[in-house]
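Taking it in order: structure first as structure tokens, then the write-up.
Order of the sequence lines sets the chain letters (A, B, ...), proteins ahead of strands, with each chain counted from 1.
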Amino acid sequence: MSFKEVLKTKKFIITAELFPPKGTNVQPLLRKAQLLKSCVDAFNVTDNQRAVMRLGSLAICCLLKEQGCEPIMQVTCRDRNRIALESDLLSANALGLENVLVLSGDHPQQGDHKEAKPVYDLDPVQLLKTARVLETGVDMVGKKLDGAPHFCLGAVVNPLADPLDLQLAMMEKKIAAGAEFFQTQPIFDSKPLKTFSAKTRSLKTKILIGVFLLKSAQAAIFMKEKLGLNISQDCIERLSRAANPLAEGIAIASELISRMKPQVDGVHLMALGLEEHILEILNKVK
Amino acid sequence: MIITKRKELNKILEQLKDKRRVFVVGCAACATKCATGGEEQVKVLAGELVKQQKQVTGTLVLDTPCDMRIVKKDLINNDKARQADSLVLLSCGAGVQSIAQVCEDMELIPALDTLFLGTIERLGNFNQYCSLCGDCIIDETGGLCPVTRCAKALINGPCGGAMDGKCEVNSDLDCVWVLIYEKLKKNPAKIKKYRKIKSNASSSGPQRIKNR
């Protein structure tokens, strides 16, 4: 089933994030995809995630498609101007890719090419709108296309952003611009999600909540302090007490999914290199 | 105002490697306000160069080096400047190039780096609030420019990465979208409005205005 069709069903949707290698060795990523293929609805492929230069999302998405997986190509506004973005959207579609997740993209200063020129010629709302314009058979300047693409478009939202109303206004703009689904930044506790869920219930979209596999207390502390993620002290203590922190991380993630399952449309799993363990997380979900 | 920064002395000396007689030029406008190219800084640099065995033939602070008329009037025929084999310039890039165009036969050594168009908060504290985009929209954003003050130049709203109202790229800076939100709280329609793709045509250089 295509991801677009999955979004129309009432099923609990599961996506997983894969990040391309720094280099050309794609085999480990493809092996992980094969392992997880049967238990996820789609794979997100990141676009130079955290502004760290890697192999491109488009190429990996094509390889995944060849292997019978359903890819979601992530496209950031960081590295390409409007010409390149439109062109890449057409290229992706011509290669059989339909799912696109649009995001602003981490700033080059947060990555490994700190002196790179940030582009941000379009913002995510404008890029979503541009993709919808391409579907009508013209480009953003009104020039006719020989063959129009079609997309299933997604965007991101931070359910714990402050002020939340500003984030929600942004979310509504993204929906109006063409977003059919949302994936969120990782959350580690279902309680703070309540306000967000209540305020987004009436929106006509699907929201997949981000869940991250924490492998150790050190990793959790790093993410809390350096990336500002809302990881509870309780969570960190559980990881530091555990004889096998990774197993504890798997348990934490699956408990979170079990708690959220009745209330949310789905989850988006991030394991940062430990994707093979996503299977164990999902097996433990009640 | 154009914000500038003095180059390190060794960078200036590198450019002056084969030169002996120098004339130091400052700027009475932006570089004076910035304390990078005023009377005081011209004197300091001249002193540093003398210590490095350079002969300083003289110094001059031009009113506005970026105005070619001023350069023609006050610099091109200055005898002491003529005696030097290089002019060391404490002005922004616009000033250096206006001098270069007028004083074609002189060797020029830029001693400042030009940073941004800045707003002065207080002496020594400058903020970049405008990036000269040529298509101002701040009537819609509470007088705060997201093109400049959002690290990702997002004009439709924030990225979602701000922490405690601070930018995720530079925690010393406020997230401009949080500031805009506070300012426009009473006017949510402005927050919700879709802002169309900006034209870059007017900010993609080189630009020229020729009215007469």
Among all residues two or more places apart in sequence or in another chain, which pass the side-chain contact (heavy atoms from CB on, under 4.5 Å) test with [X]?
X       : value
A42(A)  : F3(A), T15(A), E70(A), I72(A)
C130(B) : L117(B), L132(B)
A94(B)  : C66(B), C92(B)

Practice prompt. With a 4.5 Å cut-off on heavy-atom pairs, point out which of A176(A), A177(A), P108(A), P163(A) contacts chain B the most.
Written response: P163(A)

Worksheet entry | Among the listed options G228(A), A161(A), A169(A), P118(A), the residue most often paired with chain B at heavy-atom distances under 4.5 Å | G228(A)

Chain A to chain B donor-acceptor contacts, backbone plus side chain, under 3.5 Å:
{"unit_1": "R82(A)", "atom_1": "NH1", "unit_2": "K198(B)", "atom_2": "O", "d": "3.2"}
{"unit_1": "R82(A)", "atom_1": "NH2", "unit_2": "K198(B)", "atom_2": "O", "d": "2.7"}
{"unit_1": "S104(A)", "atom_1": "OG", "unit_2": "K152(B)", "atom_2": "NZ", "d": "3.2"}
{"unit_1": "G105(A)", "atom_1": "O", "unit_2": "K152(B)", "atom_2": "NZ", "d": "3.1"}
{"unit_1": "Q110(A)", "atom_1": "NE2", "unit_2": "E168(B)", "atom_2": "O", "d": "3.2"}
{"unit_1": "D121(A)", "atom_1": "OD1", "unit_2": "N200(B)", "atom_2": "ND2", "d": "2.6"}
{"unit_1": "D123(A)", "atom_1": "OD2", "unit_2": "I155(B)", "atom_2": "N", "d": "3.4"}
{"unit_1": "D123(A)", "atom_1": "OD2", "unit_2": "N156(B)", "atom_2": "N", "d": "3.1"}
{"unit_1": "D123(A)", "atom_1": "OD2", "unit_2": "N156(B)", "atom_2": "ND2", "d": "3.0"}
{"unit_1": "Q126(A)", "atom_1": "NE2", "unit_2": "R195(B)", "atom_2": "O", "d": "3.1"}
{"unit_1": "Q126(A)", "atom_1": "NE2", "unit_2": "K196(B)", "atom_2": "O", "d": "3.2"}
{"unit_1": "N158(A)", "atom_1": "ND2", "unit_2": "G160(B)", "atom_2": "O", "d": "2.7"}
{"unit_1": "K173(A)", "atom_1": "NZ", "unit_2": "N156(B)", "atom_2": "O", "d": "2.8"}
{"unit_1": "K173(A)", "atom_1": "NZ", "unit_2": "N156(B)", "atom_2": "OD1", "d": "3.1"}
{"unit_1": "K173(A)", "atom_1": "NZ", "unit_2": "I191(B)", "atom_2": "O", "d": "3.1"}
{"unit_1": "K173(A)", "atom_1": "NZ", "unit_2": "K193(B)", "atom_2": "O", "d": "2.7"}

Practice prompt. Quick one: do V22(B) and L16(B) satisfy side chain to side chain contact (heavy atoms under 4.5 Å, CB included)? Show the steps, please.
Written response: CA-CA 9 Å; V22(B) 297; L16(B) 282 170; 3.6 Å; yes

Response to the item:
What one should report as the nearest heavy-atom pair of A220(A) and I231(A) is O-CD1, 3.4 Å

Worksheet item: Do you know the tightest heavy-atom contact between P149(A) and L90(A)?
Response: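 Heavy atoms only, the tightest pair is CG-CD2, 3.7 Å.
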
Worksheet item: What distance separates I2(B) CD1 from L112(B) CG, expressed to the nearest 0.5 Å?
Response: 12.0 Å

Fill in: L166(A), part contacting chain B, at a heavy-atom distance under 4.5 Å
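It is both, since atoms from each part get that close.
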
Worksheet item: Considering only heavy atoms, which portion of L160(A) lies under 4.5 Å from any heavy atom of chain B: side chain, backbone, both, or neither?
Response: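 Contact with chain B is absent: no heavy atom of L160(A) under 4.5 Å.
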
Worksheet, complete the sentence: Pair count under 4.5 Å, heavy atoms only, with chain A: among I155(B), V169(B), I180(B), highest is V169(B)

Worksheet item: Can you list the steps and then say if I14(A) with L208(A) is a side chain to side chain contact (heavy atoms under 4.5 Å, CB included)?
Response: CA-CA 8 Å; I14(A) 298 167; L208(A) 314 184; over 6 Å; no

Practice prompt. Side chain from CB out, backbone as N, CA, C, O: work out which of these in A151(B) comes under 4.5 Å of a heavy atom of chain A, or both, or neither.
Written response: both

Practice prompt. Apply side chain to side chain contact (heavy atoms under 4.5 Å, CB included) to the pair I257(A) and L269(A), showing each step before the final yes or no.
Written response: CA-CA 10 Å; I257(A) 299 173; L269(A) 289 151; 3.8 Å; yes

